[in-house]
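Worksheet: the structure to be examined is printed underneath.
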Amino acid sequence: MEAPHLEIRLEAIAHNARTLLQRCSARGMNLMGVTKAVCGYVPIAETLVSCGLNMLADSRLANIIRMRQSGIQAEFVLLRTALSQVEQVVQHAHISLNSELPVIRKLSEAAKSLRVKHKVILMVELGDLREGLMPEDLFPAVEQILKLPNIQLYGIGTNLACFGGIRPDDDKMRQLSLLAADVELRCNCKLPLVSGGNSANYEWLAGGGKPGRINNLRLGEALLLGCEPLQRRHIPGLRSDAFTFVGEVIEVKTKPSRPYGEVCQDSFGNIKQFADTGAMQRALLAGGLQDVTAGGLTPLSQVSVLGASSDHIIIDASRISLSTGQTLSFRPNYAALLASMTSPYVSKILV
Ligand SMILES: *Cc1c(COP(=O)(O)O)cnc(C)c1O
């Protein structure tokens with residue numbers, strides 16, 4: 001084996017997809033399954049669609065192209081749009097999230113020359129300070145977009161809890177809902193979709209938040225890992241065992257717990273401090289920061305992760321008996337999942 005691998009349990013993802021779809025539709029919400037954390041991995045995308053998710057969203061066109069080429073039937077949503085890619089965007093994505101008028105103008109030109117209609121969701125900034133128009137700039141932008149040929153203004157949306165860590169609470173959702181109603185009234189148009197946010201919106205919804213005009217969520221982490229991203233709490237009734245990161249032990253030795261000699265930078269420029277807790281049994285795994293965010297691994301046995309360099313994960317194995325050639329298993333968090341799905345050195349195994 002040698003290389004680390006990631007075990008994927010599709011039935012856990014299917015369970016989460018069916019459960020979340022049911023809970024959301026009970027509150028009048030449809031869902032986009034967000035596939036970017038798994039690089040648009042085709043078996044997972046197929047699973048989501050077979051469970052009734054008919055919109056798949058990804059931030060990378062390459063992932064959308066791969067999913068479409070493998071024959072997946074869904075409405076594909078691009079989560080961010082670059083000016084340099086407008087031709088490919090209208091060719092491969094049915095819908096895109098946007099916040100720049102110059103980009104939407106170019107999308108319109110590209111859609112016109114391809115003779116297709118492209119749907120645009122306009123993103124509104126509500127405080128997390130990543131993408132989105134400031135609310136006061138929304139109405140003039142909508143008026144411009146409504147004049148563009150081959151573009152359908154499909155809705156508005158917002159994204160919170162990604163950069164600034166701002167909670168999508170009742171107040172933020174009410175603002176989005178009011179903006180949607182205002183746009184329809186002032187600009188005399190209809191917005192089929194009002195997209196309230198990502199997995200961080202789960203608690204708002206489950207806690208009885210009032211959807212108002214909001215009728216869509218874009219879920220990645222909740223579907224894949226069964227947890228919400230505000231405090232990383234497990235969502236009741238969902239499975240959190242869809243992914244297992246497995247690494248092979250390549251060294252087991254009893255060594256001191258504190259590095260000795262003159263302390264300088266480590267391989268990533270950090271100067272670290274270690275407590276001296278005496279001698280301990282330490283293990284090395286074949287795998288490192290090129291494969292996974294080691295700090296995002298929760299061990300499934302009585303070991304702990306001390307750290308990692310590019311190709312080694314260093315383990316405190318003082319509480320178990322362990323020998324070279326055995327494997328250790330871990331649950332990845334979102335960052336660790338993202339890294340291990342992205343690394344070509346991590347084999348993906350369906351179990
Ligand atoms: C990544 C992303 C999502 C999904 O986020 P999760 O926390 O994984 O649910 C939704 N919307 C946008 C715009 C994104 O970039």
Side-chain angles (χ1 to χ4, degrees), residues 13 16-17 19-21 23-24 29-41 44-45 48 53 55-64 67 74-82 89 93 95-100 103 119-133 154-168 172-173 176 193-206 214-235 238 240 242-243 293 296 332-342:
I13 297 169
N16 292 352
T19 308
L20 286 167
L21 194 58
R23 291 180 189 174
C24 288
M29 272 322 119
N30 59 36
L31 282 190
M32 291 177 192
V34 177
T35 53
K36 69 183 185 211
V38 294
C39 307
Y41 186 63
I44 293 178
L48 296 177
L53 270 73
M55 282 187 277
L56 294 182
D58 203 296
S59 47
R60 315 269 167 163
L61 258 181
N63 294 343
I64 290 181
M67 289 188 275
E75 200 159 29
F76 283 93
V77 184
L78 185 66
L79 291 171
R80 40 151 229 215
T81 313
V89 173
I95 306 175
S96 60
L97 271 48
N98 285 276
S99 55
E100 283 288 350
V103 175
K119 295 175 181 169
V120 160
I121 296 174
L122 206 50
M123 298 300 280
V124 190
E125 178 63 67
L126 288 181
D128 198 53
L129 299 186
R130 204 179 71 179
E131 74 274 40
L133 288 126
Y154 196 51
I156 64 171
T158 197
N159 194 66
L160 292 158
C162 268
F163 177 69
I166 299 300
R167 179 188 288 276
K172 300 286 185 196
M173 292 301 104
L176 183 67
L193 201 91
V194 182
S195 188
N198 54 47
S199 297
N201 284 57
Y202 183 79
E203 288 194 332
W204 161 77
L205 189 73
I214 297 165
N215 63 2
N216 172 267
L217 292 180
R218 312 175 303 272
L219 300 183
E221 182 163 359
L223 280 170
L224 298 167
L225 297 177
C227 82
E228 60 75 35
L230 292 174
Q231 324 213 15
R232 298 266 141 49
R233 273 194 285 246
H234 175 243
I235 297 176
L238 295 194
S240 48
F243 300 92
T293 308
N333 70 3
Y334 187 79
L337 174 65
L338 188 70
S340 57
M341 284 301 300
T342 305

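Atoms within a ligand are numbered from 1 in the order they appear, just like the ligands themselves.
- Atom CG of N216 and atom CD1 of I156 lie 12.0 Å apart (nearest 0.5 Å).
- Atom 5 (O) of ligand 1 has N198 CB, 3.4 Å as its closest protein atom, hydrogens excluded (heavy atom only).
- Of all atoms in ligand 1, listed by their number and element, those nearer than 4.0 Å to a heavy atom of V34 are 4 (C).
- Distance from atom 11 (N) of ligand 1 to its nearest protein heavy atom, with residue and atom name: R218 NE, 2.8 Å.
- Atom 9 (O) of ligand 1 has as its closest protein heavy atom S199 OG, 2.5 Å.
- At a heavy-atom cutoff of 4.0 Å, ligand 1 is contacted by the side chain of E131 but not by its backbone.
- Distances from ligand 1 to the non-hydrogen atoms of E228 include no value under 4.0 Å.
- Around CZ of R23, the count of heavy atoms belonging to other residues, nucleotides or ligands within 6.0 Å exceeds 12.
- Taking CG of D128 as the reference point, atom CZ of R167 lies at 13.0 Å (rounded to 0.5 Å).
- Atom CG of L126 is separated from atom CD1 of I166 by 11.0 Å, given to the nearest 0.5 angstrom.
- Within the 4.5 Å cutoff, the side chain of L338 has no heavy atoms near those of the T293 side chain.
- Of the heavy atoms in K36, only side-chain atoms (C-beta onward) come closer than 4.0 Å to ligand 1.
- Residue contacts with ligand 1 leave out R80, since none of its heavy atoms falls under 4.0 Å from the ligand.
- When only interatomic distances are considered, the shortest N/O to N/O separation between L219 and ligand 1 does not fall below 3.5 Å.
- For atom 12 (C) of ligand 1, the nearest protein heavy atom (residue, atom name, distance) is N159 OD1, 3.5 Å.
- Here the side chains of L230 and P168 are in contact, with some heavy-atom distance below 4.5 Å.
- The minimum heavy-atom distance between P332 and L225, with the atom names listed, is O-CD2, 3.9 Å.
- Here L219 contributes atom CG and N201 contributes atom CG; the two are 8.0 Å apart, rounded to the nearest 0.5 Å.
- Protein heavy atom in closest approach to atom 8 (O) of ligand 1: E221 N, 2.8 Å.
- Every atom of ligand 1 with a heavy atom of Y334 under 4.0 Å away is listed here by number and element: 8 (O).
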